[in-house]
Amino acid sequence: MTDQLSSLVTIFTEFYYWLTVVIMFLIHVGFCMYEVGASRHKNHMHTLMKNTMLIPLVTITFFFFGWWIYFALPNGPWITGGLVEAPHAVAWSEVMGAHMGGAADAENGWARINGVFWAAFLLFSWTAASIVSGSVIERIRSGAFWILAVSIGSVFWIIDAAWGWHAEGWMVRLLGYHDAYASGVIHAIAGGFALGILVVLGPRIGKFAADGTPRNIHPRNPWLVAIGLFLIYTGFWGFYVACNIPMWDVQAGDGVFYSATNIYLGPTTLSAITFNFLMSLSGGLLAGYWISKGDPFWTYSSGLAGIIAASAGNDLYHPIQAMIIAIVGVVFMYKLHHWVERRYRVDDAVGAVAVHGYAGVFGVVIAGFVLWGYPSSPDASFATVNPIGQIVGAIIMFGVLGFLPGWIIALILRGCGVLRIPEAVEIAGLDAAVRAEVEADEQAIVEAEKESAARLG
Amino acid sequence: MSTGNFENWAGNIADIGPIYPFVGAEWLFVLIGVVYWIVWHVRQMSSENQALADQEQRLRSGDLSKTLGD
């Protein structure tokens, strides 16, 4: 920070990530509105608080250990090496706080950007937990959900990021794994984790007829759902931009060429991802409207699923490729959702497993074919992008780090009797006690007003 | 006297390093934070279990059918 140019680069980078964090906050606002809109009136307050409180819990745990996991585990450990030293990311590091630089050499570069970079990853953590939140509404206990939220938000997704969304990750090195905007590392894992919980948690009362036919429990406030999804779209812009490194010398060998890069330090541009974000959103919306026969809930969700389906390769795709991938991805996730729902009686209240999980898996796999042979990293010794690596990657994301931990933790919570609310409470609604208090308060006010009115004649 | 590492902004700013108070006690901050986090979960779950059990008992002893609907 002793000359203007290097200071400008540092402060621009600091500001760049800070701005993405603010924009990404809208994702969470959107998820809250979406979930409340999708829930029944008798569960609104509980649904809101369940999602809201994941913010502080995931935040503090991501500070305590989540950030360290990302930098310590890119080798597995013990797949391509041991644990990696990450002195800047341990909770007790001096650069995990206000710092002017000048600390130990290894931590020097982190003094200015540690907080904003941490926060950008943290907002992804909230997103992962929030994806799960929607699918389990109206029957899970808050305490159980918050343990699950910390698990996906501060442990499992960040392990997968260390493995497959890191310039030195073992999956990138050995499998050629490419997932630039997190089809797998956020969406597939969160969808898989949600499915693992849902299998144990079971459906809401009345969701399925005796013969297994699913019944629709329609959103009680479609306008809130629509605004919520629009806000998620908006926040998703910040998510895309946060996935990039804004300025990096990408020229191999002699010479210098500064560009934006993806997380693997491979070159891309903000223009590329802007083209592809909008084209995949559009492809998703068009396909969703068509396949759901104009159902607003599925049309909006399909816009999101379209982006997710194309995200793994949206740093490199042509915009029309992104659109076509989004269309096919949406048809795939919509059909699979309804098949799984009927076949296995899985009650995914907001379609999160489909929109994030199935579309995310599709996005990872299709990138292996469309980007076959592309470099996964500027390091030429890394494997190139290939279908097998992407398929294995999708299995790791959705199954190994998603479904399996969600299923095991949910089984433990169920075994302890703290996973699901009592049946009588589910029938009456989680807000029944609060509503009774409100009614009693209202009644007291009405009585007081009646007394006043009687006095006035 | 200062709770920070410095008492003025004179000299080389980079040499100051961390500018929060009580530098050197970070391990204690972390310990307090982790304990608070765990206690929070334990107390929340205990209180939620109690509230749900009470509510279930009330509902079962009353007319649950009156609560039907959305």
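Every chain is numbered from 1 and lettered A, B, ... according to where its sequence line falls, protein lines coming before strand lines.
The minimum heavy-atom distance between His99(A) and Gly17(B), with the atom names listed, is CE1-CA, 3.4 Å. Here the shortest heavy-atom pairing between Glu56(B) and Ala424(A) reads CG-CB, 4.2 Å. Between Ala433(A) and Gln55(B), the closest heavy-atom pair is N-NE2, 3.8 Å.
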Step-by-step side chain to side chain contact (heavy atoms under 4.5 Å, CB included) determination, Trp40(B) to Met53(A): CA-CA 12 Å; Trp40(B) 192 93; Met53(A) 291 308 291; 3.9 Å; yes
Derivation of the side chain to side chain contact (heavy atoms under 4.5 Å, CB included) call for Leu28(B) and Trp92(A): CA-CA 9 Å; Leu28(B) 182 61; Trp92(A) 51 88; over 6 Å; no
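Annotation: side chain of Glu48(B) is not in contact with side chain of Val418(A) (no heavy-atom distance under 4.5 Å). Between Glu94(A) and Tyr20(B) the shortest side-chain heavy-atom distance falls below 4.5 Å. Put simply, the side chain of His41(B) reaches to within 4.5 Å of the side chain of Val150(A), judged on heavy atoms. Within the 4.5 Å cutoff, the side chain of Asn49(B) has heavy atoms near those of the Arg141(A) side chain.
Below 4.5 Å, heavy atoms of chain A meet heavy atoms from Gly33(B), Val34(B), Trp37(B), all part of residues 31-38 of chain B.
For the options Leu57(A), Ile60(A), Asp431(A), heavy-atom pairs under 4.5 Å to chain B are most numerous at Leu57(A).
Contacts of Ser39(A) with chain B are absent, with no heavy-atom separation under 4.5 Å from either backbone or side chain. No part of Ile217(A) comes within reach of chain B, as not one of its non-hydrogen atoms sits under 4.5 angstrom from that chain. Residue contact with chain A, scored on non-hydrogen atoms closer than 4.5 Å, involves the side chain of Gln44(B) exclusively. Only the side chain of Phe65(A) comes within contact range of chain B, with heavy atoms under 4.5 Å apart.
A 6.0 Å sphere centred on CZ of Arg215(A) holds more than 12 heavy atoms belonging to other residues, nucleotides or ligands.
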